[in-house]
Amino acid sequence: SPVLMKKHEEDLAIGLYNAVEMGWTLLFITHTIPHKRTDDMLELMRNMDTARKLYGKGGTMSRLMKQLGFKGNVIRLEPTFGNHGIHPHTHTILMFDRKLTNEETERLTSYLKDKWKKSCIEAGLVTKKNERTFDKYGFCADTTGDIEKLIRYMTKNEKAQSVSGLAKEMTNAADKK
């Protein structure tokens, strides 16, 4: 319901604002999967769900996240429709309780990108035929640390200047086409 979405938007905005004020690192990631116009949406979504479950498993992931001060995340599924059919992808905000160094951020994003690809291969989403495209578009992380730039990216709004704009992007998936 619109009232419920508004409440989630406000809660998310407050949480993100507080995280930024406390000096936390917010890492914004987009995960996508190969798709074409003739793909069955339900099958794509099931396979993406399988890939996401595989992605979150494993001791290395848990140890790395704990070492970096991982505190939580917000994940939003955003299925859009375009020239190549249904395009399921997620936007994720990872929250760490301190400022990550450039080296830590690079190590983390490299690990996550590789883990996402392996998970998508295991789930049957990435094949030799679509691997190059997946390597280009399958994983995107903004590691600049520029919170306003990240908000503009997530909201697709160059004029967005606030954490509440990001919160709105994360809670209004139904508004996307």
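In this chain, residues are counted from 1 in sequence order.
Residue R132 qualifies as open at atom CZ: its count of foreign heavy atoms under 6.0 Å is 12 or below.
Between atom CE of residue M22 and atom NZ of residue K71 there is a gap of 9.5 Å, rounded to the nearest 0.5 Å. From I75, atom CD1 reaches atom OG1 of T90 across 6.5 Å, with rounding to the nearest 0.5 Å. Interatomic distance, CG of L77 versus OG1 of T92, reported as 10.0 Å (0.5 Å rounding). How far NZ of K53 is from OG of S119: 13.0 Å, rounded to the nearest 0.5 Å. Rounding to the nearest 0.5 angstrom, the gap separating the NZ atom in K115 from the CG atom in L112 is 9.5 Å. The distance from atom CG of L125 to atom CE of M48, rounded to the nearest 0.5 Å, is 8.5 Å.
With hydrogens and angles ignored, the 3.5 Å screen pairs a side-chain donor or acceptor of T25 with a backbone N or O of R98. A distance-only check finds no donor-acceptor pair linking the side chain of S110 to the backbone of E106 [under 3.5 Å].
Here K36 pairs with D39 in a salt bridge; the nearest charged N to carboxylate O distance falls below 4.0 Å. A salt bridge links E131 with K128; the closest basic N to acidic carboxylate O contact falls under 4.0 Å. Salt bridge status for K57 with E122: absent, with no side-chain N to carboxylate O gap under 4.0 Å.
Residues M61 and L27 share a single hydrophobic cluster, defined by chaining ILVMFWY side chains whose heavy atoms lie under 4.5 Å apart. Placement of F139 and Y137 in two distinct hydrophobic clusters is found when ILVMFWY residues are connected by side-chain heavy-atom separations under 4.5 Å, directly or transitively. Under the 4.5 Å side-chain heavy-atom criterion for grouping Ile, Leu, Val, Met, Phe, Trp and Tyr, F134 is connected to M45 within one hydrophobic cluster. When hydrophobic clusters are built by joining Ile, Leu, Val, Met, Phe, Trp and Tyr residues whose side-chain heavy atoms come closer than 4.5 Å, directly or via intermediates, I93 is grouped together with W24. Following chains of ILVMFWY side-chain contacts shorter than 4.5 Å, one cannot reach L54 starting from Y111, and the two form parts of different hydrophobic clusters.
Nearest heavy atoms, I29 versus A141: CG1-CB, 4.0 Å.
The shortest side-chain heavy-atom distance between L68 and L108 falls under the 4.5 Å cut-off.
Residues passing the ring pair (Phe, Tyr, Trp, His ring centres under 6.0 Å) test with Y55 are H31, W116, sequence neighbours excluded. Residues satisfying the side chain to side chain contact (heavy atoms under 4.5 Å, CB included) test with N130, not counting sequence neighbours, are P34, V126, T127.
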